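To start, the structure itself, in structure tokens.
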Amino acid sequence: MSETIAGGCLCGAVRYRVDSDAMPNCYACHCTDCQTQSGSAFGLQMPLFASMLAVDGELHKGERETADGVAVSYWACAKCGNRIYAENDARPGIVVLRAGTLDDSKTLVPRAHLWVKSRQPWITIPDDAILYEEQPESQGEWIEILGLGGADD
Amino acid sequence: MSEALAGGCQCGAVRFIVSGARPPVYACHCRECQKQSASAFALSVPVARDRLTLEGETATWERPSASGATTRCHFCPRCGTRLYHASSRNAERITIKGGAFDDTDWIAPQAHLWVSRKQGWMMLPDGAPTHETQPDDLSAWRDGLVGDWR
């Protein structure tokens, strides 16, 4: 029996469920945008098929463009501002959940680390993780590092 | 170091400068900080309120803290990036989010709180002081950190 994978924002106004038997893979992104957005050292990102994510509660939608011109939409709790997930034009049908918002975030282990070249120097990355100085260039690489849709053990 | 430290939100609508010497930095691995950062831990930079100069309006959301105080959380109303917290318990001091600074190369937490909630893969530097939860008197503990928040 799989346990429910659920999460939500800090104030509780937004709750969500992830439809998956196993915890999907996540990756850490150490780019400076992710540092700013998290207010911390890296973003923890969990790509999912959009159909896997069911959200309850009022969301605020924001939009921005990345440095290379990709339009990104992101959704945050309308009350406490906690970022929940994002989507971008380059990968239609995929949503990227901010994995630290999962109730069971203690068990997360990022499978890959992106933008290692801008990581904060005090961070030690485990030897068995996949590292990118920047980020994957092809969809194939993304799929390989993420095993999208479920843990690949 | 005494050069001003600049930072801001993700979309650029809110910018800030912190005057004076580099303040202390600590990490908190509690569940709330994991949720708020949507990542593995929060990085907190305590500074005196009068060292912060803000450009742009922030929106706020208030929450009660475990100790009975109220924490007012300031974020960019446009992109939602959390920028700093102010506690009702101490009017002089605020806590800025470490990742919000433009240059984060100098950020290195000197202590780690709530390691009982830490994500298992996160390796902490040898010798970094850790707390299973948090110090009973958080305010006094902050005063003892290396680097002056005042």
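What you are looking at is a predicted structure, and each value in this text was computed from that prediction instead of being measured.
When heavy atoms are compared at a cutoff of 4.5 Å, A/Cys11 approaches chain B by way of both its backbone and its side chain. Both the backbone and the side chain of B/Phe41 have a heavy atom closer than 4.5 Å to some heavy atom of chain A. Contacts between B/Ala40 and chain A at a heavy-atom distance below 4.5 Å involve backbone atoms as well as side-chain atoms.
Looking at every heavy atom in both residues, B/Cys9 comes nearest to A/Thr36 through C-CG2, 3.6 Å. Across every non-hydrogen atom of B/Leu43 and A/Ser40, the tightest pair is CD1-C, 3.6 Å.
Residues of residues 133-145 of chain B never come closer than 4.5 Å to chain A when only heavy atoms are counted. Heavy-atom neighbours of chain B within the stretch residues 126-136 of chain A, taken at a separation under 4.5 angstrom, comprise A/Pro126. Residue-level contacts of residues 108-121 of chain B with chain A, in order of numbering, are B/Ala108, B/Pro109, B/His112, B/Ser116, B/Arg117, B/Lys118, B/Gln119, B/Gly120, B/Trp121; threshold 4.5 Å between heavy atoms.
Under the 3.5 Å distance criterion, the side-chain polar atoms of B/Ser39 are matched with a main-chain donor or acceptor of A/Phe42.
One distance of note links OG1 of A/Thr124 with CE of B/Met122; it measures 7.5 Å at 0.5 Å rounding. Atom CD1 in B/Ile107 sits 11.0 Å away from atom CD1 in A/Ile123 (nearest 0.5 Å). The structure places NE2 of A/His60 at 9.0 Å from CZ of B/Arg78, a figure rounded to the nearest 0.5 Å. To the nearest 0.5 angstrom, A/Asp103 atom CG is 5.0 Å from B/Arg31 atom CZ. From B/Asp102, atom CG reaches atom CD of A/Gln35 across 11.0 Å, with rounding to the nearest 0.5 Å.
Hydrophobic clustering (side-chain heavy atoms under 4.5 Å, transitive across Ile, Leu, Val, Met, Phe, Trp, Tyr) keeps B/Trp149 apart from B/Tyr84. The cluster map of Ile, Leu, Val, Met, Phe, Trp and Tyr, joined by side-chain heavy atoms under 4.5 Å apart, puts B/Val47 and B/Ile17 in different clusters. The cluster map of Ile, Leu, Val, Met, Phe, Trp and Tyr, joined by side-chain heavy atoms under 4.5 Å apart, puts B/Leu124 and A/Val109 in the same cluster. The same ILVMFWY cluster, assembled from side-chain heavy atoms under 4.5 Å apart, contains both A/Ile125 and A/Leu44.
When each of B/Asp105, B/Ile96, B/Thr60 is scored by its heavy-atom pairs under 4.5 Å with chain A, the top score falls to B/Asp105.
For CD of A/Glu141, the number of neighbouring non-hydrogen atoms (other residues, nucleotides, ligands) closer than 6.0 Å is greater than 12.
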Could you pull out every donor-acceptor pair under 3.5 Å between side chains of residues 69-83 of chain A and any protein atom, sequence neighbours left out?
{"residue": "A/Asn82", "atom": "OD1", "partner": "A/Leu10", "partner atom": "N", "Å": "2.9"}
{"residue": "A/Asn82", "atom": "ND2", "partner": "B/Lys35", "partner atom": "O", "Å": "2.8"}
{"residue": "A/Asn82", "atom": "ND2", "partner": "B/Gln36", "partner atom": "O", "Å": "3.4"}
{"residue": "A/Arg83", "atom": "NH2", "partner": "B/Gln10", "partner atom": "OE1", "Å": "3.0"}
{"residue": "A/Arg83", "atom": "NH2", "partner": "B/Cys79", "partner atom": "O", "Å": "3.0"}

